[in-house]
Participant: 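Before anything else, here's the structure in question.
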Protein chains: 2
Amino acid sequence: LKAHLIFTGTELLLGQIVNTNAQYLASKLAELGIDLYSMVTVGDNRGRIAEAIKAAQGKSELIIINGGLGPTEDDVTREALADALDLELKETPQALEVCTRYFKKRGLPMPEANRKLGLVPLGGMVLDNACGTAPGILLRHDDTIYVLLPGPPNELTAMFEKEVIPYLQKEGKLSSEIKSRVLKVVGLGEPVVEEKVKDLIGSSNPTLAPTVKMGEVHLRITAKSADPADNQAMLDEMEQKIRERLGDYIFGVDDCTLEEAVGRELKKLKYTIAMAESCTGGLLTHRLTNIPGSSGYVQLGAVTYANRWKTRLLHVGPEILAAHGAVSPETARAMAVGIRELTGADIAIGITGIAGPGGATETKPVGLVYIGLDYLGKVEVFKHQFVGERKTIKYLSSQAALTHLWQRLKQYK
Amino acid sequence: LKAHLIFTGTELLLGQIVNTNAQYLASKLAELGIDLYSMVTVGDNRGRIAEAIKAAQGKSELIIINGGLGPTEDDVTREALADALDLELKETPQALEVCTRYFKKRGLPMPEANRKLGLVPLGGMVLDNACGTAPGILLRHDDTIYVLLPGPPNELTAMFEKEVIPYLQKEGKLSSEIKSRVLKVVGLGEPVVEEKVKDLIGSSNPTLAPTVKMGEVHLRITAKSADPADNQAMLDEMEQKIRERLGDYIFGVDDCTLEEAVGRELKKLKYTIAMAESCTGGLLTHRLTNIPGSSGYVQLGAVTYANRWKTRLLHVGPEILAAHGAVSPETARAMAVGIRELTGADIAIGITGIAGPGGATETKPVGLVYIGLDYLGKVEVFKHQFVGERKTIKYLSSQAALTHLWQRLKQYK
């Protein structure tokens, strides 16, 4: 099956928004084993949309048109499709029902302008919209499948997944399916990870591709087969092989974040945690508390930006600050030990560094960060030198802290 | 001037990356007053790229082709342009110079594969690449300007701004320029803001368009004129009118963030600040410390997730927690007062609420948030009911806290 995508929207041509729908649809088609031939973006103009549809005819068996299904005058995709195929538009109860249901649920009267959402080119099938008012349309004409999908991303994804994919499956249009799985690694650099799986990277099905992302290495496994069970088996087998080599350096799969993985381990081990942050300014605690249920293990986070709070709250000795400075391994250690003693948490982290752009000295450049980890009384300090702007250094520091913690959680249990 | 954009890249058709270059180029063309007719994305295929070029001919006077200028076999845009226009490719010293200079600077030998970067269709002009190896190409042919630009975003933007815009200016192709300015409002809902500037929204040049974004209302002023000084004057005049109506509800212009605006005021007034966060989990302190120089006013941030830390550190009376619960106006007030007393900061904020998805009770739903503000001893508590997932509620809570603080900073000075 060959496909062609048409996006409508003057806001796209004016560069007011990024077309994330394009990536979504393209990646979904790739997963389904459908060959995407090209993509076109045109403005909200009936003639130009019809022209774009005609230009795609004969080259693709699946033409998806995204956007322009709303109630405003700018929304003319239905009309353009009818023009391009020389079909009549007809008010269709099923289509109107999608729209009226939306308003009924909210106890609101349907605006008269929305009546046009009930129009469907003759022969067209109505696609339900689980999240909005505009029904989609699927139309088979001269061996080509035309699909009209709404612009709002949540409506688009729901309709594509609940309506379009099942239709293509039922009609036997999906010859092979592509499935991906991402294994996420921390604590090893990309060259080391690549070296360990070098032979697997040569595999053709499933394929294996490493990418680097803000302190993590992601290994994407992609399998292609007509049989979903085959895909599953290929992904499982490759994952198994990789796990044998990388073990606990793999913290998660697909959408799992490092803070989620760390939280899961803390919960499992029934450990509590406390953080003393300086250069990360609360970001580490923010990331940990992004995880639902984190109130079960997060005891206290203290952002001790000023030196006197390092002393007053965390009992970092003034002689340590005087002798070594706030950005030093000694201070990082004292911060971790201090907040652990204060809170009685099982694990404590202290972070101090120079996020920049100011604050550097001759011996302490921007990006120099020390991380102290007090793990049930066993204390370590890690030194890092990051490069980037302030927010990047804050993020990489929080990432490094989570990485050290993850490694110790897996090592000591 | 009418323009057409062609993007090449199989990774785009596979949905592996989002095409941010499309938004960049589209917005730049809009700024320059160039009418973008349509955009097309095709794979790294010589025939299809040539076909896309031919399809655009006659409809646009400016055809920009982005991507496919590198040294690999996939990179065939130069060849496709030569095919489409039936021109010969010739090795050109100026083009080769861009590439060799890059390697020379780094003391590296130029790989032989890069030799093809010196090829230019006959009659083509070489565009310098300030950030990479691949020269761009500009070619006038049959009243059409063809421009080939590299795919990496930093190379694209540098080349477009340093090479393409000056060329179009010099050739008198820019009849009018479009300039935008965004005024950012907090503390007023969108309907109220719209009501206050309703008559200005009707203006045709400059135009005024409001949008809502996570607790802020953005007013975008857009002016169009052949004379840049005219644009400047139109933007200034409209800004002035809006400021007369919205005054201190406007916290910033263009890229200015609320935390930056708050930080600027704190610095100006020489005030220090301390935060006691519960449901925001450190996000408020993280946002404030994202601003360079924030160590000058941020005293201490305490994430007191567990109740006993509200009591032990902030001296929130156990009787308050017992009688009203951790999520209550009384607790929010006591947290703010507590951290201000602890730190001696001029201003203190206490936030407590239910970020969800768990933790709700019959009387306290997910999204219920109380914000206490102790401003030089004057204490207020604000109640909010937010809707959304955990991260959204955390963000909107931090946003509300910054909004209340901003309003008081402008009001009390």
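Residue numbers begin at 1 in each chain, while the letters A, B, ... track the order of the sequences. Basis for what follows: all heavy atoms, side chains included, without hydrogens, waters or symmetry-related copies.
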Participant: Would you call A:Arg48-A:Glu51 a salt bridge at under 4.0 Å N-O?
Facilitator: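 Salt bridge between A:Arg48 and A:Glu51, a charged N being under 4.0 Å from a carboxylate O: no.
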Participant: Between B:Arg220, B:Gln16, B:Glu277, B:Arg308, which has the largest tally of heavy atom pairs under 4.5 Å with chain A?
Facilitator: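 So the answer, after comparing B:Arg220, B:Gln16, B:Glu277, B:Arg308, is B:Arg308.
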Participant: If you define the side chain from C-beta out and look only at heavy atoms, does anything of A:Leu266 sit under 4.5 Å from A:Ile347?
Facilitator: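 A side-chain contact under 4.5 Å exists here.
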Participant: Can you tell if the side chain of B:Pro153 reaches within under 4.5 Å of the side chain of B:Asn21, non-hydrogen atoms only?
Facilitator: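 They are in contact (side-chain heavy atoms under 4.5 Å apart), so the answer is yes.
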Participant: Heavy-atom pairs under 4.5 Å with chain B - which of A:Asn290, A:Thr272, A:Leu284 has more of them than the others?
Facilitator: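 The answer is A:Asn290.
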Participant: Counting only heavy atoms closer than 4.5 Å, note whether A:Thr343 contacts chain B via side chain, backbone, both or neither.
Facilitator: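 Both parts, heavy atoms under 4.5 Å.
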Participant: Do you know which of A:Ser27, A:Gly293, A:Gly301 has the most heavy-atom pairs with chain B at a distance under 4.5 angstrom?
Facilitator: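 When all of A:Ser27, A:Gly293, A:Gly301 are compared, A:Gly301 has the most.
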Participant: Using modelled atom types only, decide if a donor and an acceptor are shared between the side chain of B:Ser60 and the backbone of B:Ile63 within a distance under 3.5 Å.
Facilitator: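 Checked: no pair found.
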Participant: Decide yes or no for A:Ser398 and B:His286: does some side-chain heavy atom of the first lie under 4.5 Å from some side-chain heavy atom of the second?
Facilitator: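 Not in contact.
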Participant: Please confirm whether the backbone N or O of A:His218 pairs with a side-chain atom of A:Lys213, one donor and one acceptor, at under 3.5 Å?
Facilitator: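 Not confirmed, A:Lys213 side chain does not pair with A:His218 backbone.
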Participant: For each of B:Thr20, B:Leu283, B:Val42, B:Thr280, tally heavy-atom pairs with chain A at distances under 4.5 Å, and name the one with the top tally.
Facilitator: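 Looking at each of B:Thr20, B:Leu283, B:Val42, B:Thr280 in turn, B:Leu283 comes out on top.
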Participant: Any luck finding a side-chain donor-acceptor pair between B:Lys394 and A:Thr289 under 3.5 Å?
Facilitator: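 Distance-only check passes for B:Lys394 and A:Thr289.
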Participant: Should A:Ile349 and A:Leu402 count as side-chain neighbours, where that means a heavy-atom distance under 4.5 Å?
Facilitator: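 Side-chain contact under 4.5 Å: no.
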Participant: For chain A, which of B:Ile178, B:Thr304, B:Ile291 has the most heavy-atom pairs under 4.5 Å?
Facilitator: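 Top option by heavy-atom pairs under 4.5 Å: B:Ile291.
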Participant: Heavy atoms under 4.5 Å from chain A: which residues of residues 3-11 of chain B carry them?
Facilitator: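 Residues of residues 3-11 of chain B touching chain A at under 4.5 Å: none.
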Participant: Out of A:Leu13, A:Thr285, A:Leu25, A:Val298, which one racks up the most heavy-atom pairs below 4.5 Å with chain B?
Facilitator: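 Looking at each option in turn, the highest pair count goes to A:Leu13.
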Participant: When the ring planes of A:Phe160 and A:Tyr24 are compared, do they come out parallel, tilted or perpendicular, using 30° and 60° as the limits?
Facilitator: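 Ring orientation, 0 to 90° scale: perpendicular.
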Participant: Which residue out of A:Leu342, A:Leu14, A:Leu300 racks up the most heavy-atom pairs below 4.5 Å with chain B?
Facilitator: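 Option with the top pair count is A:Leu300.
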Participant: In terms of side-chain heavy atoms, does B:Lys310 have a donor or acceptor partner in B:Thr331 at a distance below 3.5 Å?
Facilitator: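 No.
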